[in-house]
There are 2 protein chains.
Amino acid sequence: MLSKKTKYAFHALTYLGKHRDKKTVLIHDISEEYGISHKFLENILLELKKAGILGSKKGKGGGYYLIKDPKDVALSKVIRLLDGPIALLPCVSLNYYEPCVECKSEALCGLNKVMIQVRDEMLNVLENKSLADILDKE
Amino acid sequence: MLSKKTKYAFHALTYLGKHRDKKTVLIHDISEEYGISHKFLENILLELKKAGILGSKKGKGGGYYLIKDPKDVALSKVIRLLDGPIALLPCVSLNYYEPCVECKSEALCGLNKVMIQVRDEMLNVLENKSLADILDKE
DNA sequence: TATAAAGTCTATAAATATTATAGGGTAATT
DNA sequence: AATTACCCTATAATATTTATAGACTTTATA
């Protein structure tokens, strides 16, 4: 399951996407709209900024804004950023690979093979769907 | 990511699958083989038994054994049993549905639509692959 | 240039979920 | 009858997630 952090990130991105006409949007406005703790959301927006998805402006009249075209923000990117691996096992993660501690041999592991398939099916959707696809529906 | 509980369940099932020639297998043997805490494994095997996947025999000479044909044990079943929902959002879970608290309308939620796709792609693999597919590889 | 508005940063607390342990009880086999 | 091994409930330890606090920096504008 996606963490709240990731869900909040999607909410925030959706909100920012809907308000692209405005130069900036306040954290406060987003946190009110979705009932998210202001400070918690702050951290999330910062991460999105560091990842190059959002820009920000300090001071009065400041706030956050989308720096990328919604169609260039793959859902997989957001999930990996806030939640970490998409794969169901560390040994099949593309971005967060780790060997399974209790596993003797990946080559002989039947689960490994299947989970690679699952990962690829998931990524097939999550890499190709973007923020733009989410905005469309709303 | 799959929990240790689920991974242990797969290990145990694999072990039992490999030793179908024997009438029963001791918890102890499985826990030794994979370095799993005996008591923790006990709980997992019990759940698998309650789900009708394993059978057990008490007393001397007792132990656990596979009650089903490996090809009839879908991976999805094991994951749902030990880990809960496979879907990435509660609002798209087939077996553990819950509305998202912060979501105003599922019909208008763009994430919802995409996550249904992701779920279906995952299930396409996990429902159709079984314990037998894992055993094959080992 | 003072002030208020707004993001930045680091640390920590609270809550929750996961993993593991303990120990007694019960059933079945020899 | 004794041993063996499953069954069950409760609780402790650990890790992760979620949330909060507060001081600091930057910026607009009155």
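We name chains A, B, ... by the order of the sequence lines, and we start the count at 1 in each one.
Considering only side-chain N and O atoms, B/Lys49 lies under 4.0 angstrom from the phosphate OP1 or OP2 of D/dC7. Proximity of B/Tyr65 to the phosphate of D/dC6: no side-chain N or O atom is located under 4.0 Å from OP1 or OP2. Of the side-chain N and O atoms in A/Ser3, none sit less than 4.0 angstrom from OP1 or OP2 of D/dT16.
Side-chain proximity of A/Ser37 to D/dA19, D/dT4, D/dA28: nearest is D/dA19. When distances run from any side-chain atom of B/Leu26 to the nucleotides D/dT26, D/dT20, D/dA5, the shortest one goes to D/dA5.
Not a single donor-acceptor pair, N or O on each side, falls under 3.5 Å between the base of D/dC6 and the side chain of B/Glu42.
Summarising the geometry, the separation between CD1 on A/Ile27 and P on D/dA19 is reported as 15 Å, rounded to the nearest angstrom. As rounded to whole Å, 12 Å separates atom P of D/dT18 from atom CE of A/Met1. The interatomic distance linking B/Tyr64 (OH) with D/dA5 (C1') rounds to 9 Å, in whole Å. Rounded to whole Å, the distance from CD1 on B/Ile44 to P on D/dC6 is 14 Å. The distance from atom NE2 of B/His38 to atom C1' of D/dT4 is 11 Å, rounded to the nearest whole Å. Across the protein-nucleic acid pair, B/Leu45 atom CG and D/dC8 atom C1' stand 15 Å apart, rounded to whole Å. For the pair A/Leu41 CG and D/dT18 P, the interatomic distance rounds to 14 Å; values are reported in whole Å. In this structure, the CZ atom of A/Phe40 is 15 Å from the C1' atom of D/dA21, given to the nearest Å.
The side-chain contact (heavy atoms from CB on, under 4.5 Å) test with B/Leu13 is passed by exactly one of B/Ile30, B/Leu45, B/Leu54: B/Leu54.
Mapping B/Leu2 and B/Lys58 onto DNA chain C by nearest heavy atom places B/Leu2 closer to the 5' end of the strand. Of the two residues contacting DNA chain C, namely A/Asn43 and A/Gly63, the nearest-nucleotide position lying further toward the 5' end is that of A/Gly63. Comparing A/Lys39 and A/Gly59 along DNA chain D, the residue whose closest nucleotide (by nearest heavy atom) sits nearer the 5' end is A/Lys39.
Between B/Lys39 and B/Glu42 there is a salt bridge, with a side-chain nitrogen of the basic residue lying less than 4.0 Å from a carboxylate oxygen of the acidic one.
More than 12 non-hydrogen atoms from other residues, nucleotides or ligands lie less than 6.0 angstrom from NE2 of B/His38.
Counting 5' to 3', DNA chain C first comes under 4.0 angstrom of a heavy atom of chain A and last does so at the ends given by C/dA5 to C/dC9.
With B/Lys113 contributing its side chain and B/Glu106 its backbone, the two residues share a donor-acceptor pair below 3.5 Å. Put simply, the side chain of A/Asp120 never gets that close to the backbone of A/Gln117: no donor and acceptor are under 3.5 Å apart.
In the model, A/Thr24 has no side-chain atom that pairs as donor or acceptor with a side-chain atom of A/Lys57 under 3.5 Å.
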*Given side chain to side chain contact (heavy atoms under 4.5 Å, CB included), test A/Leu131 with A/Leu66 step by step and report yes or no.*
CA-CA 11 Å; A/Leu131 184 51; A/Leu66 258 181; 4.1 Å; yes
